[in-house]
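Here the structure comes first, spelled out in structure tokens, and everything after it is commentary.
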There are 2 protein chains.
Amino acid sequence: MNKYEIIANEMRNRIKNNVYPIDQPIPDEVSLAKEFNSSRMTMKRALDNLVAEGLLFRKRGHGTFIIQSAIQDDHVHVVSNEILGLTNLLKDKKIQSKVIQFEVQFPTEEVAAHLSIDQKTPVYYVVRLRIVEGEPYVLEKTYMPTHLIPGINDDVLHDSIYNHITNVLQLKIAGTHRKIRACKSDHIDQQHLGCKQDDPILEVEHVGFLDTGIPFEYSFSRHRHDKFVVTSVNIRR
Amino acid sequence: MNKYEIIANEMRNRIKNNVYPIDQPIPDEVSLAKEFNSSRMTMKRALDNLVAEGLLFRKRGHGTFIIQSAIQDDHVHVVSNEILGLTNLLKDKKIQSKVIQFEVQFPTEEVAAHLSIDQKTPVYYVVRLRIVEGEPYVLEKTYMPTHLIPGINDDVLHDSIYNHITNVLQLKIAGTHRKIRACKSDHIDQQHLGCKQDDPILEVEHVGFLDTGIPFEYSFSRHRHDKFVVTSVNIRR
DNA sequence: TAGTGGTCTAGACCACACC
DNA sequence: GTGTGGTCTAGACCACTAG
């Protein structure tokens, strides 16, 4: 654990436990740096993290303040935590996967473009229903270049593609680009997610890329509207 | 303009203009710092920004690489740019506002909690249809404590509440917390957004807070599903 | 082992807000 | 003016990767 993380954790606890008055600035950076026996840059970095979390706000020339509305609800960054795949995001829950479709295709122009490949490079097309604690949770449609992610089979699909990529193939996932939108549900959604005909879907379009910068996955995750919310925090700089 | 911003801009241009081979690491931080006549920390900070934008990725012990899929589409951070309100986000477009409802209420428990006030503190309740280039764009339902945001009237509502807050009241908006979800449209959505009965809605729940850390706005923005997408980029650290 | 990015330091000066 | 956060420096050491 780095020093700035240790300091950030301590400060987060203090703030949540009301050690600092909510309507006053917290102590200035120089004093805090002295208290934590760190340089001011390191102290600042710790506070930067809490600012990014939406817990603190800075007023240049004035001080660093607690965001009142942040203390009440414990908001979670779904967006930024979900890089690791569902199996790792919901570690404590029982997750099952039902494979609905699994084939090899030549990609459409759109899929090829998002994967940075040409249309003659074959891709896996996987449709899976992810079931969390016995409840249908999300329907995932995934395209992956076969040459990048070899060895996909039923065992992998029933477990976790992400674990296969990171543990078996020893590849490293670097990040994702996402688009979030609302859609009508189609009959496949209704059949597998158990939603009604007029229930909407929260769709997350997703490009995942490896630590080489190469995209390895282009997917559409279709969520029941009543079971999935994306949260985000934005602090002005 | 700060030095790290200048450097980031230059590097962004170089990357987008293919100055650096896409499958190779870009020059190392020490060399780049020397080239830009900066310290390594400042160089790193410039690159940090490009990493946050989803343009670059770092491999510790190896180098800094270009994310291939990032160069193709010019993805925009809707989430992080929208703090300033619709009028400022879509500056070049013609925006009209139709006031559908405007009253003063005692807040429900939920609204009071999100605004950090008690249920005896009156709030404005405003429902507005925002029309962009003549097309219905979003239906906004907004709660604001009357004592924090005084002087709301029809003129303000037809222009921009955000401009009233920042220019007239001279308050400073610090940031927002958001939740994004899909909903069914109700008859009010259908009537004003011109969507069909089975069209879904992309709803953004939103708490805005001032640079004092005090929440001033709790709102629900209901978007036509075919005209609004939220994008996000996530890079693992 | 050499080279890369990650962290941390101690100090400097600047920009801004309040008195 | 005084005190705050914002930026920047020059250098150090650590952690990781590749050959």
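Hydrogens, waters and symmetry mates are skipped; everything else that's a heavy atom, side chains included, is used. The sequence lines fix the lettering, A, B, ..., with proteins before strands; numbering per chain opens at 1. As the structure is a computational prediction, the values presented were derived from the model and not from experiment.
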Can you identify which nucleotide, out of [options], has its nearest atom closest to the [X] side chain?
{"X": "A:Arg58", "options": "D:dT7, C:dC8, D:dG5", "value": "D:dG5"}
{"X": "A:His62", "options": "C:dC18, D:dC16, C:dC13", "value": "C:dC18"}
{"X": "B:Arg40", "options": "D:dC8, D:dG5, D:dC13", "value": "D:dC13"}
{"X": "A:Lys44", "options": "C:dT9, D:dT7, D:dC8", "value": "D:dT7"}
{"X": "B:Arg60", "options": "C:dG5, C:dC8, D:dT7", "value": "C:dG5"}

Give a yes/no on whether any side-chain N or O of [X] is located under 4.0 angstrom from OP1 or OP2 of [N].
{"X": "B:Tyr4", "N": "D:dC8", "value": "no"}
{"X": "B:Thr42", "N": "D:dT9", "value": "yes"}
{"X": "B:Thr64", "N": "C:dG5", "value": "yes"}

Task: Of B:Lys3 and A:Ile26, the one whose closest DNA chain D nucleotide lies more 5' - done: A:Ile26

- [ ] Select from A:Met41 and A:Gly63 the residue whose nearest nucleotide in DNA chain D is closer to the 5' end of that strand.
- [x] A:Gly63

Is [X] salt-bridged to [Y], cutoff N-O under 4.0 Å?
{"X": "A:Asp28", "Y": "A:Arg40", "value": "no"}
{"X": "B:Arg14", "Y": "B:Glu35", "value": "yes"}
{"X": "A:Glu29", "Y": "A:Arg58", "value": "yes"}

d([atom1], [X]; [atom2], [N]) in whole Å:
{"X": "B:Met43", "N": "D:dT9", "atom1": "CE", "atom2": "P", "answer": "11 Å"}
{"X": "B:Asp28", "N": "D:dA18", "atom1": "CG", "atom2": "P", "answer": "16 Å"}
{"X": "B:Ile7", "N": "D:dT7", "atom1": "CD1", "atom2": "P", "answer": "13 Å"}
{"X": "B:Leu56", "N": "C:dG5", "atom1": "CG", "atom2": "C1'", "answer": "13 Å"}
{"X": "B:Asn49", "N": "D:dG6", "atom1": "CG", "atom2": "C1'", "answer": "14 Å"}
{"X": "A:Phe65", "N": "C:dC16", "atom1": "CZ", "atom2": "C1'", "answer": "13 Å"}
{"X": "B:Phe57", "N": "C:dG5", "atom1": "CZ", "atom2": "C1'", "answer": "11 Å"}
{"X": "B:Leu32", "N": "D:dT9", "atom1": "CG", "atom2": "P", "answer": "14 Å"}

Open item on the list: Both A:Glu5 and B:Glu29 contact DNA chain C. Which one's nearest nucleotide lies toward the 5' end?
Closed with: B:Glu29

TODO: Return yes when atom CD of B:Glu110 has more than 12 non-hydrogen atoms of other residues, nucleotides or ligands closer than 6.0 Å, and no otherwise.
DONE: yes

Task: Partner nucleotide of D:dG1 by Watson-Crick or wobble geometry (both distances under 3.5 Å) - done: C:dC18

Open item on the list: Does B:Asn37 reach a base, just sugar-phosphate, or nothing at all? Heavy atoms under 4.0 Å.
Closed with: sugar-phosphate

Task: Heavy-atom closest pair, residues A:Ala33 and A:Ser39 - done: CB-O, 3.8 Å

Task: Test side chain to side chain donor-acceptor pair (under 3.5 Å) applied to A:Glu140 and A:His206, A:His223, A:Arg130, the passing residue - done: A:Arg130

